[in-house]
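Everything on this sheet refers to the single structure shown next.
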Protein chains: 2
Amino acid sequence: MQTQKIAIAIVDDHTLFRQGLAHLLTESNEIEVIFDAGDGAEMIRKLPMQPLPDVILMDITMPVMDGYESTRWIKQNYPQIKVLALSMFEEDVPIINMLKSGAGGYMLKQAKAADLINAIKTIEKQTFFINDLVSGKLLNNIQNNLPVKTAKIQVSANELKFLELCCSDLTYKEIADMMNLSPFTINNYREALFEKFETKSRTGLVISALKSDLIKL
Amino acid sequence: MQTQKIAIAIVDDHTLFRQGLAHLLTESNEIEVIFDAGDGAEMIRKLPMQPLPDVILMDITMPVMDGYESTRWIKQNYPQIKVLALSMFEEDVPIINMLKSGAGGYMLKQAKAADLINAIKTIEKQTFFINDLVSGKLLNNIQNNLPVKTAKIQVSANELKFLELCCSDLTYKEIADMMNLSPFTINNYREALFEKFETKSRTGLVISALKSDLIKL
DNA sequence: ATCAAAAAGGGTAGAATTGCCTTTTTATCA
DNA sequence: TGATAAAAAGGCAATTCTACCCTTTTTGAT
């Protein structure tokens, strides 16, 4: 009667979301959730223990091994498995980066169940599922040719500590005292970081470091 | 045989999460999801249209009307309804603030379904559900007596624009040019904001403004 | 209409930051 | 062990930022 169900896996660190979504999808009778995992490492462990899924629903923010890494790993080791990113972020960067990592589509958690099921069916058949959200970002990306800084800037342990201390009212002299280093050395760190982050002021440096996820608020 | 089911509502802007969770909870046979909503305003609209829920599961980050506001509204208008916060944030501030807003408990989306059901049953009977996560934060809060800045700092439209432009390499003179204002006026904004945010440097100001959610990266 | 308060505009001395150099110390390894 | 590269320390002029002054204009409330 019905064609073979689509076998999927769900990778997301929110247990409630994972389990709830599994129920929701199972009910459609077109999809079978064969396993779920709380991060990429768990996914890698569980993957060989059953028939391979056709599609993996992949969150981005996860402990241990995030969605970007996990997607790259899938594409490296099981290129036939389709990855559909499923995240709450609507910004350019995560969307473009998930696609660059190998995801064939990107859905928001704000979506409706019917849309998600449709996306899963499309991606299973066509390898790609391009909705308005994704096509808009893709266009945007081509037109503005955003470099999409994949190469994250390398900083030493001391530079990182300095960056963290920069997020404050402390003067460089005070930072030098706190790090038990000469103000001149601190000045070297500053100059090195200004160059790495292509910035010209302490504020710009802090903002860049925050944006590149090297430090957090 | 079984006692009356617990009537709950789910308020969360992630449709997939909301619907999935509803399925999951309904399956337990102890809970009935009577409605769900994507933000606080929708919740307020739907609330009078059916018997009142015993418990509302409340997300924090939502458009239009967030979890804090929605919880305060519930406690103001229907104090008998219990609110269980359900969020992905593990930090002190959101937890303490949700409790201050009137939530009787706080669960992580990373939790297991059985734990959530247990929390719902507890909060329905006892008005409060205190788990290790919450009790730890409460203790922490009392011991450190964090002021928990509830009063968010008021800034004018111009000050806000100035704050946003501050998150860059721009000098104050350049910011003045961009805003078509005298550098002296810009200096007034700076001084006023330094005082409001109790800070002594541009970097400190930007960090404070980011932390208080007045500006975003 | 009038007063008080807030916003806008102005100036300057002194402190901190920034950019561009050199020299010394430390670590590595061939 | 000597060469060499990297990290740390040092110096300094120019610019920018910060802290205190002040006056004028606009706004809001009574």
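Because the structure is predicted, anything quoted here is derived from the model rather than measured. Per chain, numbering begins at 1; letters A, B, ... match sequence-line order.
If you take CG of B:Leu170 and P of D:dT16, they are 12 Å apart, rounded to a whole angstrom. Here C:dT18 presents its P atom at 15 Å from CZ of A:Phe197, a figure rounded to the nearest Å. Atom CD in B:Glu195 sits roughly 14 Å away from atom C1' in C:dA6 (whole-Å rounding). With rounding to whole Å, A:Glu174 atom CD is found 8 Å from C:dA16 atom P. Atoms CZ (B:Phe194) and P (C:dA15) sit 17 Å apart, rounded to a whole Å. Rounded to whole angstrom, the span from the CG atom of B:Asp169 across to the P atom of C:dT18 amounts to 9 Å. Between the NZ atom of A:Lys173 and the P atom of C:dT18 there is a distance of 17 Å, rounded to whole Å. Protein atom CZ of A:Phe162 is 15 Å distant from nucleotide atom C1' of D:dA9, rounded to whole Å.
Within 6.0 Å of NZ in B:Lys161 there are 12 or fewer heavy atoms belonging to other residues, nucleotides or ligands.
Here A:Cys167 contributes atom SG and A:Arg202 contributes atom CZ; the two are 8.0 Å apart, rounded to the nearest 0.5 Å. Taking CG from A:Leu193 and CD from A:Glu195, the interatomic distance works out to 10.5 Å, rounded to the nearest 0.5 Å.
Ring geometry, B:Phe17 versus A:Phe17: the interplanar angle falls under 30°, so the pair is classed parallel (tilted spans 30 to 60°).
Side chain of A:Arg202, nearest nucleotide from C:dG19, D:dC17, C:dT17: C:dT17.
Residues satisfying the side-chain contact (heavy atoms from CB on, under 4.5 Å) test with A:Gln76, not counting sequence neighbours, are none.
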Please tabulate, one pair per line, each protein N/O and nucleotide N/O from nucleotides 7-10 of chain C that are separated by under 3.5 Å, including the distance.
from	atom 1	to	atom 2	distance (Å)
C:dA8	OP1	B:Asn158	ND2	3.4
C:dA8	OP2	B:Tyr189	OH	2.8
C:dG9	OP2	B:Thr185	OG1	2.4
C:dG9	O5'	B:Thr185	OG1	3.1
C:dG9	N7	B:Asn188	ND2	2.1
C:dG9	O6	B:Asn188	OD1	3.2
C:dG9	O6	B:Asn188	ND2	3.2
C:dG10	OP2	B:Ser182	OG	3.1

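Judged by atom type and distance alone, B:Arg190 reaches the base of D:dA19 through a side-chain donor-acceptor pair under 3.5 Å.
Counting any heavy atom pair closer than 4.0 Å across all strands shown, A:Lys200 reaches sugar-phosphate atoms only and no base atom.
Checking B:Asn187 against B:Tyr172 by side-chain atom types alone, no donor-acceptor pair falls below 3.5 Å.
Between A:Asp13 and A:Arg18, none of the side-chain N atoms (NZ, or NE/NH1/NH2) sits under 4.0 Å from a carboxylate O, so this pair counts as no salt bridge.
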